**Q** 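Quick one: the structure is below, and I'll ask about it shortly.
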Amino acid sequence: MLAHEIIDTAMRVRVKRKTFCLLALAFLTTIACAPVSEKTEKAEVPELAFPPPPEPARFYFERTIQSSADVEMDDRKASWRRVLTGETATATGFSKPYDVAVCQGRIYVSDTVRRTVLMFNVPAGEFVQIGDKDPGMLRKPLGIATDGNCNLYVADGTAKSVSVFDQNGQFIRAIGGSDWFDRLSHVEADPDGQRIYCVDTGGVDSERHQVRVFDVQTGEHLFDFGSRGEGPGQLNLPRDIAMGPDQRIYVVDGGNFRIQVFENDGRYVRQIGAIGVRPGQFSRPKGVDTDAEGNVYVSDAAFGNFQIFNAEGQLLLFVGGRSESPGPAKFLLPAGLAVDEDGRVYMTDQFFRKVDVFRPATLNPGQGFLGARTTAP
């Protein structure tokens, strides 16, 4: 083939590619601008309410988070590139979510298989992983918590220490170590970020079924409370821990099938619940948190739900149900849960690899930190 024929062929190919791109752009623009017929509009699906009608709703199922794609906003240039080139979007999902903590629209989820904490910044539409590199690399992130400044505290079961990160995931320090814990499982921080309350689950051959308290700034051990047993103030395989608006401490006493309540100095107050299969009782209690009114939320892996109690321990409501099929408010292996500043409730499910979000009926969908999501650029 002569040189001028090669050049002519190349020019025709370029013209065809340019024509194709222009036609594709015109076609997509036409679709985007075309009016939507009323017949093609989707019918509104009734909100999933708890309790169900005819009772007045107190919570609505709002959304499920399974990967970064559920939160991360798409860049317009990247979106157009995928349309024209056929590229597919990538997303980071859960492998085995364990616990969840929320602060000002930032949803933190520990993942024991990924060995990181996944952070979904809903208002900003951003996603990052925390603890995937040194300094601060995590080995087995379990229970997590935040303080009033959105600093993150991660109980590392393998390192047997609590790693502290700022709200953007930058490592600050580690507290504790193998000399301090047998089976570190959960952590809670006070609102000022001055103290952390760390749960040592112990075991068959361990007497460390207790809560250990440390100074966040110095790492100094302050005091312990709880001892192995089944009496008032004693613990058997304690799990999650939360601090209420009254500064009281709520501990999931898993082996005794109850919630133990303590003052923040460790003095015993009372218990909530007991072993059983009826509403208000526990079979496999896992996670605990409180809301601004002092109500107590407890997840139960056997029931596949979370139960809500008032501050005096009276059952108010249960939300969700056990199921072997995935779906909204369906759980097979629920674990950690959290309540945010707006009253939304977040619960992880290790089997279905998700976080379900529930909105209180007193809050409109567009309100609060999750309702204030910014628009894409």
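Every value quoted in this text rests on a predicted model; they were computed, and no experiment measured them.
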**Q** In this structure, is the centre-to-centre distance between the rings of Phe120 and Phe127 below 6.0 Å?
**A** yes
**Q** Are Ile308 and Phe61 joined in one hydrophobic group, where the rule is that I, L, V, M, F, W and Y side chains link up if heavy atoms are under 4.5 Å apart?
**A** yes
**Q** Is any NZ, NE, NH1 or NH2 atom of the basic residue among Asp224 and Arg212 found under 4.0 Å from an Asp or Glu carboxylate oxygen of the other?
**A** yes
**Q** Tell me whether Trp180 shares a hydrophobic cluster with Val216, the cluster being built from Ile, Leu, Val, Met, Phe, Trp, Tyr side chains joined at under 4.5 Å.
**A** yes
**Q** I'd like to know if Lys330 pairs up with Glu324 as an ion pair, taking the criterion as any Lys NZ or Arg NE/NH1/NH2 lying under 4.0 Å from an Asp or Glu carboxylate oxygen.
**A** no
**Q** To the nearest 0.5 Å, what is the distance between CZ (Arg173) and OG1 (Thr218)?
**A** 9.0 Å
**Q** Would a line drawn from the ring center of Tyr197 to the ring center of Phe214 be shorter than 6.0 Å?
**A** no
**Q** Do the side chain of Asn236 and the main chain of Pro238 share a donor and acceptor less than 3.5 angstrom apart?
**A** no
**Q** Using modelled atom types only, decide if a donor and an acceptor are shared between the side chain of Asn121 and the backbone of Glu126 within a distance under 3.5 Å.
**A** no
**Q** With Phe282, which of Phe303, Phe309, Phe318, Phe257 fulfils ring-ring contact (aromatic ring centres under 6.0 Å, His included)?
**A** Phe309
**Q** To the nearest 0.5 Å, what is the distance between CG (Leu370) and CZ (Arg106)?
**A** 12.5 Å
**Q** Measure the CG-CG distance between Asp356 and Leu48 for me, rounded to the nearest 0.5 Å.
**A** 9.5 Å
**Q** Using a strict 4.0 Å threshold on nitrogen-to-oxygen distance, state whether Asp182 and Arg208 make a salt bridge.
**A** yes
**Q** So, Asp190 and Gln194: side-chain donor and acceptor under 3.5 Å apart, yes or no?
**A** no
